[in-house]
Amino acid sequence: MNHNESDPTRPAAPVGERISSLCATIPDYPKPGVSFKDLTPVFADAAALKAVVDALIEPFKGHFDAVAGVEARGFLLASAAAYAAGTGVITVRKAGKLPREVVAEDYTLEYGTATLELHTTDLAPGSRVLILDDVLATGGTLGATVRLFERCGVHVAGVGVVLEIDALNGRGALPGQQIHSLLHL
Ligand SMILES: O=P(O)(O)OC[C@H]1O[C@H](OP(=O)(O)OP(=O)(O)O)[C@H](O)[C@@H]1O
Ligand SMILES: Nc1ncnc2[nH]cnc12
């Protein structure tokens, strides 16, 4: 329980403050030189989780038909947001996890390279998807995710993240996208 929950007469803290106070920073993880932002304490706090999910959806209300989450932490946000918005949830997964026909995109991130995949038939061409993830760092992950949906003819209504690490310029990898970040570091 945080200080706002313990006293119901106190106004709720702005969502950015909640994230900032709960986010853990782990130096040199998963490799030397990376300052890793761990948002799992935000997800573990009931009031913070609700505030974060509501704030991520807010600017895009009425403009998306489904919510997509990027494996793994994006799944937590996307499923909660889809439930709150009354839509379905789409899984964008690391290579080799999806059993049917996929499109695949390789990408690089702060601490390595990887491949993301999407089932080609998850969403009908012309439908609109809101993409959610926990962190926007270099933008490699979300850039690849946008390309996957665009290759399937799906319109990306927006991209929402809990935390954006401004120094890594992830926005540069997402030209033309509406990006909603709840906290900038
Ligand atoms: O903007 P980028 O530089 O691409 O980095 C952001 C991505 O890195 C983290 O995921 P990670 O690949 O560590 O996967 P995980 O959620 O499975 O731990 C994070 O959850 C984002 O998806
Ligand atoms: N510094 C970081 N913290 C958390 N997730 C990340 N993904 C890429 N860089 C990251």
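Worth saying up front: this structure is predicted, and the values here are computed from it rather than measured. When a ligand or atom number is given, it counts from 1 through the structure's own listing order.
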Next item on the list: Report the residue from Val67, Leu130, Leu118 that forms a side-chain contact (heavy atoms from CB on, under 4.5 Å) with Ile90.
Entry: Leu118
Margin query: Please determine whether residues Leu136 and Val34 belong to a single hydrophobic cluster, defined as Ile, Leu, Val, Met, Phe, Trp and Tyr linked transitively by side-chain heavy-atom distances below 4.5 Å.
Written below: yes
Next item on the list: Return the residue, atom name and 0.1 Å-rounded distance of the protein heavy atom closest to atom 18 (O) of ligand 1.
Entry: Arg73 NH2, 2.9 Å
Check: Are any side-chain N or O atoms of Arg171 and backbone N or O atoms of Asp166, one a donor and one an acceptor, separated by less than 3.5 Å?
Finding: no
Notebook entry, point to check: Counting from 1, what ligand 1 atoms have a heavy atom of Glu110 closer than 4.0 Å?
Noted result: 3 (O)
Next item on the list: Give the atoms of ligand 1, by number and element, whose distance to some non-hydrogen atom of Tyr111 is under 4.0 Å.
Entry: 8 (O), 9 (C), 10 (O), 11 (P), 13 (O)
Item checked: Which segment of Asp134 sits under 4.0 Å of ligand 1 when only heavy atoms are counted -> side chain
Next item on the list: Give the residue and atom name of whichever protein heavy atom lies nearest to atom 3 (N) of ligand 2, and the separation in Å to one decimal.
Entry: Lys37 N, 2.9 Å
Notebook entry, point to check: Would you say Phe36 has any N or O atom under 3.5 Å from an N or O of ligand 1, going by distance alone?
Noted result: no
Margin query: For ligand 1, which is the ligand I care about here, please tell me if Leu136 has any N or O atom under 3.5 Å from one of the ligand's N or O atoms.
Written below: no
Next item on the list: Look only at the side chain of Glu71 and the backbone of Lys94, and say whether a donor-acceptor pair between them is shorter than 3.5 Å.
Entry: yes
Item checked: Proximal atoms of ligand 1 relative to Lys94 (non-hydrogen, under 4.0 Å) -> 12 (O), 14 (O), 15 (P), 17 (O)
Item checked: Side-chain heavy atoms of Thr141 within contact of Val135, under 4.5 Å -> no
Margin query: Taking 4.0 Å as the limit for heavy-atom contacts, which would you say applies to Glu71 with ligand 1: side chain only, backbone only, both, or neither?
Written below: backbone
Note to self: Taking Leu116 as the starting point, is it possible to reach Val156 by hopping between hydrophobic residues whose side chains are less than 4.5 Å apart?
What the structure shows: yes
Notebook entry, point to check: Should you measure from each heavy atom of Val135, which atoms of ligand 1 turn up under 4.0 Å away?
Noted result: 6 (C), 21 (C)
Notebook entry, point to check: Under 4.0 angstrom from ligand 1, any heavy atom of Gly170?
Noted result: no
Check: Can you tell if the side chain of Val102 reaches within under 4.5 Å of the side chain of Arg100, non-hydrogen atoms only?
Finding: no
Check: Do Ile179 and Leu77 share a hydrophobic cluster, counting only Ile, Leu, Val, Met, Phe, Trp and Tyr and linking them when any side-chain heavy atoms are less than 4.5 Å apart?
Finding: no
Item checked: Closest approach of any protein heavy atom to atom 16 (O) of ligand 1, naming residue and atom -> Ala72 N, 3.0 Å
Item checked: Leu39 with Leu56, same ILVMFWY side-chain cluster at under 4.5 Å -> yes
Item checked: Which residue and heavy atom of the protein sit nearest atom 10 (C) of ligand 2, plus the separation -> Glu110 OE1, 3.2 Å
Check: Looking at atom 4 (O) of ligand 1, what's its closest protein heavy atom, distance included?
Finding: Thr141 OG1, 2.6 Å
Check: Where is the nearest protein heavy atom to atom 7 (N) of ligand 2: which residue, which atom, and how far?
Finding: Tyr111 OH, 3.1 Å
Item checked: For atom 12 (O) of ligand 1, the protein heavy atom that lies nearest, with its residue and separation -> Leu109 CD1, 3.3 Å
Next item on the list: Report the part of Asp133 in contact with ligand 1, treating N, CA, C, O as backbone and CB onward as side chain, heavy atoms under 4.0 Å; options are side chain, backbone, both, neither.
Entry: side chain
Next item on the list: Using the six-membered ring wherever Trp is involved, compare the ring planes of Tyr111 and Phe36 and label them parallel, tilted or perpendicular (cut-offs 30° and 60°).
Entry: tilted
Check: Taking it one step at a time, do Asp54 and Val15 satisfy side chain to side chain contact (heavy atoms under 4.5 Å, CB included)?
Finding: CA-CA 10 Å; Asp54 289 345; Val15 68; over 6 Å; no
Margin query: If hydrophobic clusters are built by linking Ile, Leu, Val, Met, Phe, Trp and Tyr wherever their side-chain heavy atoms come under 4.5 Å apart, do Phe43 and Leu183 end up in the same one?
Written below: yes
Notebook entry, point to check: So which bit of Ile165 gets within less than 4.0 Å of ligand 2, heavy atoms only: side chain, backbone, both or neither?
Noted result: side chain
Notebook entry, point to check: How long is the gap from CG on Leu76 to CG on Asp133, to the nearest 0.5 Å?
Noted result: 10.0 Å
Next item on the list: Could you tell me the residue and atom name of the protein heavy atom closest to atom 3 (O) of ligand 1, and the distance to it rounded to 0.1 Å?
Entry: Thr138 OG1, 2.5 Å
Checklist line | Atom indices of ligand 2 within 4.0 angstrom of Ala137 heavy atoms, with elements | finding: 8 (C), 9 (N)
Check: Who's the nearest protein heavy-atom neighbour of atom 5 (N) of ligand 2, and how far?
Finding: Phe36 CE1, 3.5 Å
